[in-house]
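Every chain is numbered from 1 and lettered A, B, ... according to where its sequence line falls, protein lines coming before strand lines.
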Protein chains: 2
Amino acid sequence: MNAGTDTKHRILSTARELFHNRSYADVGIKEICSAARVQKGSFYHFFPSKRDLAMAVIDDMAEDWAHGFVAEAFDRNLPPVERLDYMVDAAYYWQKAAHDIEGRMPGCLFGNLALEVSTRDEVLRAKLNAVFDKASSRFEQTLEEAVESGAIAPLDTQATAQAMLAYLEGVILLAKTRNDPDVVLRLGPAIKTLRIERRTPN
Amino acid sequence: MNAGTDTKHRILSTARELFHNRSYADVGIKEICSAARVQKGSFYHFFPSKRDLAMAVIDDMAEDWAHGFVAEAFDRNLPPVERLDYMVDAAYYWQKAAHDIEGRMPGCLFGNLALEVSTRDEVLRAKLNAVFDKASSRFEQTLEEAVESGAIAPLDTQATAQAMLAYLEGVILLAKTRNDPDVVLRLGPAIKTLRIERRTPN
DNA sequence: AGTGTACTTGACCGGTCGGTTAAGTCAAGT
DNA sequence: ACTTGACTTAACCGACCGGTCAAGTACACT
């Protein structure tokens, strides 16, 4: 049993790293297996297909996020507006660390996968969409609190939250293309300037 | 001669469409050839490798852009701020049209390629980076005019221009993941709210 | 001791990948 | 008329792809 869960976990974390640093299509099962010191047959014992592996990787990382720095960033003890800065900082330090080690910016796994697979796999697309929805709702909640506390003027919290998530992904995309994590630091804070007004209720 | 340039052009436009609608890794040379009604050998007569094809595709599309709707959007006859709206609208209608025909949102070819290949091919990454730089400088020029005319308060035009480009890419990424072009319409206009202040010159 | 099951092994499958090659077509230049 | 060289054709290459399989090993339960 324990040998099994360990093997599965090793596959999962190896795949996650490889998918993140390269891409879904570019990393083969054989490579994942040899990097995780696992045989092909064992792989297919745990995952029916490469696609199912991708699903599991997304779930795995989404869960790590939810309980990791995203949970910290959106800690309700923090003043709402500071949480946005915290998110940007977290993104920066993460990318910076990877860049220092690997020499390349991996970007956001979800964003990478989304652009790569969402035109050819409906199920994966929907899953990634759900991840984004969840992230967006964190922003939304933060904005609602900020409005309630009077820190910012009332606005369309849902749309603005989506805009902020989009901006974060866009900044990471640009930084990755420049291969320069500092872009995140320079452009990131402007996330707070984004505003989408409430639709006039006339 | 003419037969040659026609064949080359057919390869180029076919590859562009396939890369855009799917991805670089997912589309093989064989598929490109059969779709373009060209033989493999002819392909390799014009392009030394798949990667060189990608380069040519990027150049091709960048040029089309520069002389197409981007030129219109950033027409100096338009008031600066309206140009931003024009860009967003253009992005929307383009994605919308593709979505209506194919049922899927292809997103931005440059953004797609950037996330897919920039961790494994330095040269392609640099090329895509240059495309983004050029796009960003269009935004920058627009912002400078807007500041000069007093339409908006002074700001760090270069950084804000990059932020706007990042936002546009992010919005398209999110819309593609949702497979819903309307996201562009809903979030896009907020591009005008983005601001990065000048660094305090103290 | 015997059995069921979770797990591992490594050879194997058909198919496709990017890329090569050799033989030819054809039109322009001389 | 003959040569040149751009272009096309289709068979072919080794490598690798995702995925399968039969044969085992190791361990829990009876």
Side chain to side chain contact (heavy atoms under 4.5 Å, CB included) between B:Asp180 and B:Met105, intermediate numbers included: CA-CA 7 Å; B:Asp180 177 10; B:Met105 256 198 61; 5.9 Å; no
Integer-rounded Å distance: D:dT8 P and B:Arg37 CZ: 13 Å
Geometric class of the B:Phe69/B:Trp65 ring pair [parallel <30°, tilted 30-60°, perpendicular >60°]: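 Answer is perpendicular, since the angle exceeds 60°.
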Residues A:Asp6, A:Arg10: salt bridge by 4.0 Å N-O rule: yes
Interatomic distance, B:Glu31 CD vs C:dG18 P [rounded to whole Å]: 10 Å
Whole-Å gap separating C1' (C:dG14) and NZ (A:Lys40):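 Going from A:Lys40 (NZ) to C:dG14 (C1'), I get 13 Å.
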Nucleotide nearest A:Lys30 when distance is taken to its side chain, options D:dA11, D:dC17, D:dG19: D:dC17
Closest nucleotide among D:dC7, D:dG19, C:dT8 to the A:Phe46 side chain: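 In terms of side-chain proximity for A:Phe46, the closest of D:dC7, D:dG19, C:dT8 is C:dT8.
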Nucleotide C:dG18, atom P - distance to CD1 of B:Ile32 in whole Å: 8 Å
Interatomic distance, A:Ile29 CD1 vs D:dC16 P [rounded to whole Å]: 16 Å
Options D:dA11, D:dT8, D:dG19, nucleotide nearest the side-chain atoms of A:Tyr44: D:dG19
Donor-acceptor pair present, B:Lys50 side chain and C:dG19 base, under 3.5 Å: no
Whole-Å distance separating the CD1 atom of B:Ile11 from the C1' atom of D:dT9: 14 Å
N or O in side chain of B:Gln39 less than 4.0 angstrom from D:dT8 OP1/OP2: no
Pair B:Tyr92, B:Asp182: side-chain N/O donor-acceptor within cut-off below 3.5 Å: yes
B:Ala151 versus B:Val81, closest heavy-atom pair with distance: CB-CG2, 4.2 Å
5' priority, DNA chain D, between A:Ser42 and A:Ala25 [closest heavy atom]: A:Ala25
Sugar-phosphate, base or nothing in reach of B:Gly28, heavy atoms under 4.0 Å: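 It contacts sugar-phosphate atoms only.
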Watson-Crick or G-U counterpart of D:dT25, or none if no pair lies under 3.5 Å: C:dA6
Length of the NZ-P vector between B:Lys8 and D:dA6, whole Å: 13 Å
Separation of atom NE2 in B:His45 from atom P in D:dT8, rounded to whole Å: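 The distance from NE2 of B:His45 to P of D:dT8 comes to 7 Å, rounded to the nearest Å.
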Residue closer to the 5' end of DNA chain D, A:Asp26 versus B:Val38 (nearest nucleotide): B:Val38
Candidate nucleotides D:dT8, C:dT8, D:dG19, ranked by approach to the side chain of A:Thr7 - the nearest: C:dT8
